[in-house]
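As the structure is a computational prediction, the values presented were derived from the model and not from experiment.
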Amino acid sequence: ATSYPVKVTVRQKLTLTASITPPQTIAVGRTVTFTSTVRPLPADLARTKVTFVVYRRVGTTWVLFRRVDVVADSTGRARFAWRFSRAGSWYVRSMAQPTVSNAASAWSPVARYSVR
């Protein structure tokens with residue numbers, strides 16, 4: 001006996017690393033490079049797009065400061081460099097966008113920095 005085909009959606013797994021391991025206090029003007037690694041690698045021809053977001057604390061609220069989409073390379077890595085140009089509390093996180101064969105990843109844990 002056979003059954004009807006069932007489509008199984010695989011959620012991508014994403015890990016975020018930084019050139020300066022958070023949480024840290026860093027100087028104004030310092031650049032940190034963030035690397036998101038996505039698995040599994042997409043089976044289709046299109047590479048995974050990773051969204052990086054940068055938030056800054058203004059008063060008691062976290063405010064979106066920048067949103068950037070980066071296409072991952074053939075090894076599943078997307079890199080994003082951010083120069084912290086203002087003092088304050090900041091965080092960066094990322095998420096892999098869905099592809100034809102895989103669902104979106106969950107948001108990464110935040111990489112938090114205090115800039116002085």
Side-chain angles (χ1 to χ4, degrees):
T2 60
S3 62
Y4 293 101
V6 176
K7 181 178 180 180
V8 176
T9 302
V10 175
R11 178 176 282 248
Q12 297 176 94
K13 179 181 178 186
L14 178 134
T15 55
L16 177 68
T17 58
S19 58
I20 300 174
T21 307
Q24 289 286 340
T25 298
I26 59 175
V28 171
R30 189 78 188 258
T31 299
V32 179
T33 301
F34 298 92
T35 303
S36 287
T37 305
V38 181
R39 294 291 182 263
L41 294 175
D44 52 1
L45 297 176
R47 293 186 180 161
T48 303
K49 187 186 301 181
V50 176
T51 299
F52 290 89
V53 291
V54 180
Y55 280 82
R56 181 172 180 244
R57 190 169 185 139
V58 178
T60 59
T61 306
W62 288 99
V63 177
L64 178 62
F65 197 80
R66 181 76 189 253
R67 180 185 178 110
V68 177
D69 289 332
V70 178
V71 177
D73 63 18
S74 61
T75 65
R77 290 183 179 87
R79 290 176 182 81
F80 169 68
W82 180 256
R83 182 177 172 269
F84 292 93
S85 60
R86 297 181 187 175
S89 295
W90 296 79
Y91 76 76
V92 176
R93 68 190 324 186
S94 62
M95 179 182 79
Q97 298 298 321
T99 66
V100 173
S101 56
N102 295 316
S105 73
W107 282 101
S108 70
V110 300
R112 193 173 307 231
Y113 296 90
S114 178
V115 180
R116 299 178 191 232

Is the distance from the ring center of Phe52 to that of Trp82 below 6.0 Å? no

For Ser105 and Ala96, the nearest pair of non-hydrogen atoms, with its separation, is OG-N, 2.8 Å

Got a second to check how far Arg93's CZ is from Arg112's CZ, nearest 0.5 Å? 9.5 Å

Which atom names give the shortest non-hydrogen contact between Gly76 and Ala72, and what distance separates them? C-CB, 3.9 Å

Checking side-chain polar atoms at under 3.5 Å, does Ser85 have a donor or acceptor matched by the opposite partner on Arg83? no

Have Thr37 and Arg39 got a donor and an acceptor in their side chains that come within less than 3.5 Å? no

Could you walk me through whether Thr35 and Arg79 satisfy the side chain to side chain contact (heavy atoms under 4.5 Å, CB included) test, starting with their C-alpha distance in whole Å, then the side-chain angles of each, then the deciding distance to 0.1 Å, before giving a yes or no? CA-CA 5 Å; Thr35 303; Arg79 290 176 182 81; 3.6 Å; yes

Contacts of type side-chain hydrogen bond (donor to acceptor under 3.5 Å, both in side chains), residue Ser89, not counting sequence neighbours: none

Decide whether Trp62 and Trp107 are clustered together by the hydrophobic rule: side chain heavy atoms of Ile, Leu, Val, Met, Phe, Trp, Tyr closer than 4.5 Å, transitively. yes

How many angstroms lie between OG1 in Thr25 and CZ in Arg116, if you round to the nearest 0.5 Å? 5.0 Å

Hydrophobic cluster membership, with links at side-chain heavy-atom distances under 4.5 Å among I/L/V/M/F/W/Y: are Val70 and Leu16 in one? yes

Say whether Tyr91 and Phe84 are linked into one hydrophobic cluster, either directly or through other cluster members, by side-chain heavy-atom distances under 4.5 angstrom. no

Are the side chains of Asn102 and Pro40 in contact, using a 4.5 Å heavy-atom criterion? yes

If you take all heavy atoms of Val68 and Arg66, which pair is closest and at what distance? CG2-NE, 3.5 Å

Mind checking whether Val110 and Val32 sit in one hydrophobic cluster, side chains of I, L, V, M, F, W, Y counted as touching below 4.5 Å? no

Carefully, step by step, assess Met95 and Val53 under the rule side chain to side chain contact (heavy atoms under 4.5 Å, CB included). CA-CA 9 Å; Met95 179 182 79; Val53 291; over 6 Å; no

Answer with yes or no whether the hydrophobic clustering places Tyr55 together with Val50; edges join I, L, V, M, F, W, Y residues whose side-chain heavy atoms lie under 4.5 Å apart. no

For Tyr113 and Ile20, what are the C-alpha separation, side-chain angles and deciding distance, and is it a side chain to side chain contact (heavy atoms under 4.5 Å, CB included)? CA-CA 10 Å; Tyr113 296 90; Ile20 300 174; 4.2 Å; yes

Residue pair Gln97 / Thr51, side-chain heavy-atom distance below 4.5 Å: yes

Value for CZ (Phe34) from OG (Ser108), rounded to nearest 0.5 Å, stands at 9.5 Å

What's the spacing between Arg30 CZ and Ser19 OG if we round to 0.5 Å? 7.5 Å

